[in-house]
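Below is one structure, written out as C-alpha cells; comments come after it.
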Amino acid sequence: MGPDFDADLLFFHAHPDDESLDYGLLMARAARAGKKIVTVLFTDGESGYDRYPSRPVNEEYPDEALVGGRLANRRVDEARRALSVLGSDLYVRLGLQNHPYGSITEELSLGEVLEAWGGEQALVERVTGLIRRYSPDIVVSPPGPSEASEHFEHEAVGHIVAKAVERFEDTGERTLGGYLVASDPDHRSLYEKLFDVQATHVVGKRDLAVNARAGQAERETVNLRAIQLAALRQHVTQLDASVVGVKSRSTRSRETYAPLLWTLPGTLTDWLSEAVLQAGG
Ligand SMILES: [Zn+2]
C-alpha cells in the first residue's frame, strides 16, 4: 500500500466487480471531477464462477476453468484494471473469505458471515481504522440487511460499514460529509431522500466557468455509461459483469444512492461540481 493520502471518496464493496456493476457511474464521475478515490474490496471472489469455456483463452486466461485461488488471482487483476478504468486511485484488499452463492441452500446468515470474517467487533474496528486513515469526505457502501434482499456478503459489508461510520462519528474526531448506500431503483420507497448520478454527464454552467478559465470553453459531454461498460468488460471471468452486466447497464439511465448521513451543503451533484471549482481555482 502506498503512502497515505486523504481521500474524497472511500468505497467499500464485497467482491471484485461490485465496484463496476453498482457504483461505476459515481466512481467515474467523481474521478473526472478530480476527486481522490480509495476502494476497499472485502473479498477476492474465489468462490465465484469462471465463465469458461465461453470466455476468451489467451496468455492470461488458460484453456480450463479457473477455480479457488487461481480464480481469485485473475479477479483481483480484473478489479485492478476496472478500477483504473473508473479512476480509483487506490485498491485496498481485505482478502476475507468469499462464500459460494450458487443456491438457496448456500445462503448464510449475517452472523455466520461476520463470524467467518473474524467477528463483528474486529471488522468494525478494521473499517473504522480505514476511515480514519483515508479521512474521506464521503463513505459509500452497499446497504445493510433490509427488505430489499441482496447477496448476503453485500449485506454484511453494509452492516459493518454502517457500524464503523457510527463508531467514527461517536469518537467526535471529525464529522463525515456523507455516508451513501447504493439503492436499487425498485426500492425507492425505502428511503426519504435519494441522490441520482446520471449515466451521461453534461458539463454544467459551474463547470463551464472553470473550463473557460482553463481555456476550454466548449461544452463537453462525459459519457459515464461508456466508462462503466469498459470497466465491466475487464471482468472477463464474470458472466454477471462482462456479459449480463454490460447488457443491463447499457440501458440503465442512472445510479441511485440513499444518504444515511449527509452534512454537506446541497446535494451529491453539488459536491461533485464543487471539486471542479476548487481544482480550477
Ligand atoms: Zn457482489
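Each ligand, and each atom within it, is numbered from 1 in the order the structure gives. Nothing fancy with the numbering, it's 1 onward along the sequence.
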Review point. Any N/O/S atom, backbone or side chain, of His13 lying under 2.8 Å from the Zn ion (ligand 1)?
Key: no
Review point. Which residues pass the side-chain hydrogen bond (donor to acceptor under 3.5 Å, both in side chains) test with Tyr61, sequence neighbours left out?
Key: Glu78
Review point. Taking the six-membered ring for Trp, are Tyr23 and Phe11 parallel (under 30°), tilted (30 to 60°) or perpendicular (over 60°)?
Key: perpendicular
Exercise for review: On the 0 to 90° scale, with breaks at 30° and 60°, tag the Trp117-His99 ring pair as parallel, tilted or perpendicular.
Suggested key: tilted
Study note, to complete from the structure: Of all the N, O or S atoms in His15, the one nearest to the Zn ion (ligand 1) is ND1
Point to revise | Heteroatom of Asp18 nearest to the Zn ion (ligand 1) (N, O or S, atom name) | key: OD1
**Study point:** Hydrophobic cluster (4.5 angstrom, side-chain heavy atoms) - remaining members for Leu239
**Key:** Val243, Val244
